[in-house]
Number of protein chains: 2
Amino acid sequence: MEQNFSYEQLVHFTRKVFSLMGCPDDHAILASNVLLAADARGIDSHGVARLSGYVRLWEAGRINPVPDIKIIHQTPSTATVDGDKGLGLVVAPFAMKVAIEKAALVGSGWVSVKNSNHFGIAGQHAMMALEQDMIGMAMTNASPLVAPTFATERMLGTNPIAVAIPADRQPPFVADFATTTAANGKLEILQRKEHEAPIGWVQDKDGHCSTDPNILKQGGALLPLGGDRDHGSHKGYCLGAIVDIFSAVLSGANYGPWAPPFVSFLPLPPNPVGEGLGHFFGAMRVDGFRPANEFKSHMDQWIERFRNTEAVDGKKVLIPGDPEREMEAIRMKEGIPLLAPVVKDLKELASKFKIDF
Amino acid sequence: MEQNFSYEQLVHFTRKVFSLMGCPDDHAILASNVLLAADARGIDSHGVARLSGYVRLWEAGRINPVPDIKIIHQTPSTATVDGDKGLGLVVAPFAMKVAIEKAALVGSGWVSVKNSNHFGIAGQHAMMALEQDMIGMAMTNASPLVAPTFATERMLGTNPIAVAIPADRQPPFVADFATTTAANGKLEILQRKEHEAPIGWVQDKDGHCSTDPNILKQGGALLPLGGDRDHGSHKGYCLGAIVDIFSAVLSGANYGPWAPPFVSFLPLPPNPVGEGLGHFFGAMRVDGFRPANEFKSHMDQWIERFRNTEAVDGKKVLIPGDPEREMEAIRMKEGIPLLAPVVKDLKELASKFKIDF
């Protein structure tokens with residue numbers, strides 16, 4: 001059961017909710033644009049479906065609607081930002097802007113962030129660099145749901161990495177992926193459909209292979225990209241670990257199993273090793289390496305050559321970012337389909353804040 | 001059939017060979033140290049086993065023993081280096097040094113390299129940053145052997161990524177991995193043992209799943225980390241693509257299917273889009289983000305917590321770099337075992353250059 005809503009309707013509603021949480025106008029506008037980018041691009045797990053989650057974190061005192069976000073340490077090309085418990089949806093664009101400003105001055109900028117929380121889709125922040133002819137990068141740590149290779153304990157989040165690279169005639173290359181075999185959102189889809197999960201997505205509490213999409217509720221874990229040792233799960237574990245260290249050990253946020261959960265009903269892990277969740281952003285001027293027009297014309301050639309790769313019957317080789325861009329074109333025209341539980345959730349929010357939905 | 005050789009004996013022999021190729025003394029010393037680091041750390045596919053391959057590339061005029069390696073474009077935190085067809089084993093440390101010097105001045109340094117060739121193990125270059133209390137990164141593109149998701153064509157190399165992160169009391173975190181399910185070296189081991197490859201490592205020329213470790217000789221391909229679409233191979237494809245673009249599109253090297261093969265008997269791809277092979281290096285001062293002692297003490301805590309993760313029976317959770325460091329300790333004491341075909345190869349080199357082995 002799905003119901004269609006226009007982008008405008010949803011972004012307007014989301015903005016109102018953030019305003020009523022006490023966010024200043026510019027924050028409410030920015031946060032709602034970032035959150036809705038997920039719905040527009042087809043990453044339904046990271047959009048308005050999470051709005052009530054942010055509200056509950058605010059009610060639990062874990063989100064500060066009027067944060068004093070600031071640089072607390074820096075060099076010409078690096079900085080650490082304290083998010084002051086602000087919405088990750090606002091803290092992340094602030095930090096990415098710092099990275100871009102540094103890149104404009106010295107060629108590249110790298111910003112680690114502490115004291116933040118969930119920042120929406122990583123790709124949206126990385127893409128901020130594109131209009132400056134820069135390569136953008138964004139990553140974040142997250143609630144521990146993933147067991148490293150050979151582990152029975154959940155130690156890492158799905159820790160996504162996004163890289164956005166500008167081209168000229170061609171649309172940009174935008175990679176944005178969790179460092180696990182499958183993102184948690186995909187597992188939730190299987191739960192709703194009552195389908196089994198493919199082997200290599202999850203394990204049970206003892207570390208045995210499982211195909212039960214509900215296994216995380218029984219102490220199971222998501223698996224790093226690769227799935228098992230024979231298929232390179234140690235590489236997915238490395239990637240998730242690098243994201244964790246860049247986002248949280250560099251900045252002074254909580255890392256590994258100390259990362260705070262997104263859901264407000266779970267308690268914060270005891271004896272925190274830092275403040276809040278961490279992110280990491282980067283921006284590199286392409287003309288820091290070669291003239292921008294040369295770079296972008298070779299990116300066109302790269303994209304065209306890869307798009308024309310010989311493919312198996314009935315399939316084609318995609319360029320990272322293609323599916324999300326196509327989805328965005330459709331949804332901005334035809335609307336965004338929301339599942340019944342999400343609609344119910346938004347109606348409850350409307351009633352809580354005494355506004356229309 | 002294996003025979004043991006001391007590190008000193010092999011490094012001395014390798015140095016002589018590079019000298020007799022015409023390399024200046026400092027280049028021959030550096031190149032042999034980098035090459036032997038692979039053997040010492042247990043990455044047998046990237047060490048002296050490849051020495052005759054470098055010699056054949058030199059004989060084919062594809063390696064310049066007296067390169068004029070230089071910076072051709074730069075900003076305070078970025079640079080592009082032209083390797084002048086030098087040994088990648090020499091070009092890479094030059095470029096990594098540029099990254100480290102820039103990081104010392106402005107917090108981070110990022111260097112893209114063109115006109116190079118195979119650079120040994122990525123981890124060795126990334127580790128150069130550690131003694132400066134910097135995080136080091138190294139990546140390279142390589143001969144096209146990998147089919148992107150849904151492709152039947154080989155478009156990318158095994159394109160490794162290495163990240164080295166310093167700690168205090170604990171040894172450093174050193175991740176170094178191909179962006180494929182399995183490195184080509186692992187396939188070669190199965191070929192020698194006449195074992196089947198696990199599902200998800202390779203496909204045949206039509207893109208069908210295969211377990212034949214010899215399938216690459218029949219038009220097959222290695223698969224990106226993840227193996228197939230259901231298990232996240234599009235993420236491995238993204239990673240390999242990012243390495244390709246950072247290494248070769250940023251620098252002006254050959255990218256994708258134009259990357260030159262390591263083996264001299266294969267012709268160079270026609271209509272090159274750049275010069276030689278490409279690499280990418282990065283260095284970030286940890287005190288560009290927070291005081292170094294704070295960072296390193298939290299890295300100790302990260303490493304200790306992950307090393308003590310609850311594990312499946314009989315296994316333990318490893319820290320990236322643990323196995324290679326343990327191997328190095330053993331091999332520096334007990335010697336480096338070489339397979340009979342490698343020993344034969346080195347004896348032939350000795351006879352070609354009229355030196356002892």
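Both backbone and side-chain heavy atoms feed into the values below; hydrogens, waters and symmetry mates do not. Here is how names work: the chains are called A, B, and so on, in the same order as the sequence lines, proteins then strands, and each is numbered from 1.
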**Asked** Donor-acceptor pair, B:N308 side chain versus B:R305 backbone, under 3.5 Å?
**Response** no
**Asked** Between B:R154 and chain A, which part of the residue has a heavy atom less than 4.5 Å away: side chain, backbone, both or neither?
**Response** neither
**Asked** chain A contacts: which residues in residues 102-112 of chain B have a non-hydrogen atom closer than 4.5 Å to it?
**Response** B:V106, B:G107, B:S108, B:W110, B:V111, B:S112
**Segment of A:Q74 engaging chain B (4.5 angstrom heavy-atom cut-off)** = backbone
**Asked** So, B:S77 side chain and A:S77 main chain: donor-acceptor pair closer than 3.5 Å or not?
**Response** no
**Asked** Between B:G226, B:S251, B:A241, B:G256, which shows the greatest number of heavy-atom pairs under 4.5 Å with chain A?
**Response** B:A241
**Item:** Choice from A:G314, A:P257, A:P198, A:G207 maximising heavy atom contacts with chain B below 4.5 Å
**Value:** A:P257
**Fill in**
When the 4.5 angstrom heavy-atom criterion is applied to A:V163 and chain B, the contacting part is side chain
**Complete:** One option among B:P148, B:A183, B:G232, B:A151 has the most heavy-atom pairs under 4.5 Å with chain A, and it is B:A151
**Fill in**
Residue from B:F289, B:W258, B:F246 scoring the most non-hydrogen pairs under 4.5 Å with chain A is B:F289
**Asked** Is B:K296 paired with B:D133 through a side-chain N to carboxylate O contact shorter than 4.0 Å?
**Response** yes
**Asked** Is it the backbone or the side chain of A:T309 that comes under 4.5 Å from a heavy atom of chain B, or both, or neither?
**Response** both
**Request:** Measure distances from B:Y237 to the heavy atoms of chain A and classify the residue's part below 4.5 Å as side chain, backbone, both or neither.
**Result:** side chain
**Complete:** Checked A:M284, A:E294, A:Q203 vs chain B; the most non-hydrogen pairs under 4.5 Å come from A:M284
**Request:** Please check if the side chain of A:S247 supplies one atom and the backbone of A:V243 the other of a donor-acceptor pair under 3.5 Å.
**Result:** yes
**Prompt:** Does the distance from a Lys or Arg side-chain N to an Asp or Glu carboxylate O, for A:K205 and A:E153, drop under 4.0 Å?
**Reply:** no
**Main-chain N/O of A:G240 paired with A:N159 side-chain donor or acceptor, under 3.5 Å** = yes
**Gap between atom CG of A:L250 and atom NE2 of A:H73 - 0.5 Å precision** = 10.0 Å
**Prompt:** Side chain, backbone, both or neither: which part of A:L225 has a heavy atom under 4.5 Å from chain B?
**Reply:** both
**Prompt:** Within the distance-only criterion (no hydrogens, no angle test), does the side chain of A:N141 pair as donor or acceptor with the backbone N or O of A:D244 below 3.5 angstrom?
**Reply:** no
**Message:** Quick one, B:V273 and A:Q301 - any side-chain contact, counting heavy atoms below 4.5 Å?
**Reply:** yes
**Complete:** One option among A:A147, A:G252, A:G227 has the most heavy-atom pairs under 4.5 Å with chain B, and it is A:G252
**Max heavy-atom pair count under 4.5 Å with chain A, selected residue of B:T179, B:D206, B:L239** = B:L239
**Request:** Mind ranking A:T80, A:I245, A:I165, A:D313 by heavy-atom pairs under 4.5 Å with chain B and telling me who comes out on top?
**Result:** A:I245
**Request:** Taking the six-membered ring for Trp and the full ring for Phe, Tyr or His, determine whether the centres of B:Y255 and A:H298 are under 6.0 Å apart.
**Result:** yes
**Asked** For B:F150, does its backbone N or O pair with a side-chain atom of A:K316 as donor and acceptor, under 3.5 Å?
**Response** no
**Message:** Just so I understand: if I count every heavy-atom pair under 4.5 Å between each of A:G274, A:A182, A:A178, A:A175 and chain B, which residue has the most?
**Reply:** A:A178
**Asked** Hey, does the side chain of B:W201 reach the backbone of B:P213 with a donor-acceptor pair shorter than 3.5 angstrom?
**Response** no
**Test item: B:D228 side-chain N/O and B:G200 main-chain N/O as donor-acceptor pair under 3.5 Å** = no
**Message:** Quick check on the interface: out of B:K235, B:K315, B:H231, who has the most heavy-atom pairs with chain A under 4.5 Å?
**Reply:** B:K235
**Request:** To the nearest 0.5 angstrom, please state how far the CD atom of A:Q132 sits from the CG atom of A:D287.
**Result:** 11.5 Å
**Message:** Among B:I161, B:L223, B:I199, B:I72, which residue has the highest count of heavy-atom pairs closer than 4.5 Å to chain A?
**Reply:** B:I199
